[in-house]
Amino acid sequence: MASNLRACCCIGIGVLLAAAEASQPALAPAASRERVQLENLPEATLKTLYLRCARESNRRLLSFDEAFHCSTAADILMRRSFGGDFDAMLAWWRRNRDD
């Protein structure tokens, strides 16, 4: 039973990955533009955006576009403000999440 479940999950993941790869060319230009826009935000604005995303994702399921936007902002924030250190960003978030 466990091996059937594992095989089913692997097939499902493979299908999802193939679908994502097939749709990626259409998403790439928009994703690239959004990343550039987020990269140009001031650090304080990026932090505010990240905190807003974190609060909203605790309240409801984000749409694909919202989740992509928030994930991209988190990636940029972690790299720019915390030198890529996830633990440092997590500590900052814990200190500021209720603001």
Side-chain angles (χ1 to χ4, degrees):
M1 176 73 177
S3 64
N4 286 343
L5 181 59
R6 210 173 301 128
C8 182
C9 288
C10 289
I11 291 169
I13 291 170
V15 169
L16 289 173
L17 289 174
E21 287 174 7
S23 67
Q24 197 167 13
L27 293 176
S32 180
R33 280 191 303 276
E34 180 167 0
R35 184 165 193 92
V36 168
Q37 290 172 343
L38 290 170
E39 290 272 4
N40 290 320
L41 289 177
E43 181 179 11
T45 304
L46 198 56
K47 286 181 173 182
T48 299
L49 172 62
Y50 178 81
L51 291 171
R52 190 176 343 132
C53 283
R55 276 192 301 275
E56 198 60 31
S57 68
N58 281 326
R59 290 188 194 126
R60 64 179 176 83
L61 183 64
L62 300 178
S63 71
F64 176 81
D65 289 340
E66 290 170 318
F68 178 80
H69 180 78
C70 290
S71 176
T72 302
D75 179 56
I76 293 166
L77 178 65
M78 184 173 61
R79 185 178 38 78
R80 187 193 313 168
S81 299
F82 302 99
D85 184 344
F86 177 77
D87 291 327
M89 187 169 91
L90 184 60
W92 166 82
W93 171 75
R94 285 179 175 149
R95 287 189 308 271
N96 294 280
R97 64 183 165 191
D98 296 327
D99 289 348

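All residue numbers refer to positions in the sequence shown, counting from 1.
Side chain of S81 to main chain of M78: no donor-acceptor pair is present (N/O by atom type, distance under 3.5 Å, no hydrogens or angles). The closest donor-acceptor contact from the side chain of T48 to the backbone of A44 lies under 3.5 Å.
Grouping the Ile, Leu, Val, Met, Phe, Trp and Tyr side chains by contacts below 4.5 angstrom, directly or via other members, places L61 apart from F64. Two different hydrophobic clusters hold V36 and L49 under the rule that ILVMFWY side chains link at heavy-atom gaps under 4.5 Å. One hydrophobic cluster, built from ILVMFWY side chains closer than 4.5 Å, cannot hold both W93 and L62; they sit in different ones.
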Inset, instruction - Would you please test L46 and Y50 for side-chain contact (heavy atoms from CB on, under 4.5 Å) and show each step? - result: CA-CA 6 Å; L46 198 56; Y50 178 81; over 6 Å; no
Legend entry - Test side-chain contact (heavy atoms from CB on, under 4.5 Å) applied to M89 and R79, step by step: CA-CA 9 Å; M89 187 169 91; R79 185 178 38 78; over 6 Å; no
Legend entry - Evaluation steps, side-chain contact (heavy atoms from CB on, under 4.5 Å), between D65 and H69: CA-CA 6 Å; D65 289 340; H69 180 78; over 6 Å; no
Inset, instruction - For the pair E56 and R60, evaluate salt bridge (Lys or Arg N to Asp or Glu O under 4.0 Å) and give the outcome as yes or no after the intermediate values. - result: CA-CA 6 Å; E56 198 60 31; R60 64 179 176 83; 2.7 Å; yes
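Evaluation of the salt bridge (charged side-chain N to carboxylate O under 4.0 Å, His left out) rule for E43 yields K47 as partners, not counting sequence neighbours. Taking R94 as the reference, nothing meets the salt bridge (charged side-chain N to carboxylate O under 4.0 Å, His left out) condition, with sequence neighbours excluded.
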Donor-acceptor contacts, no H, no angles, side chain residues 70-77, under 3.5 Å, sequence neighbours left out:
residue : atom : partner : partner atom : Å
T72     : OG1  : F68     : O            : 2.8
D75     : OD2  : R35     : NH1          : 3.3
D75     : OD2  : R35     : NH2          : 2.6

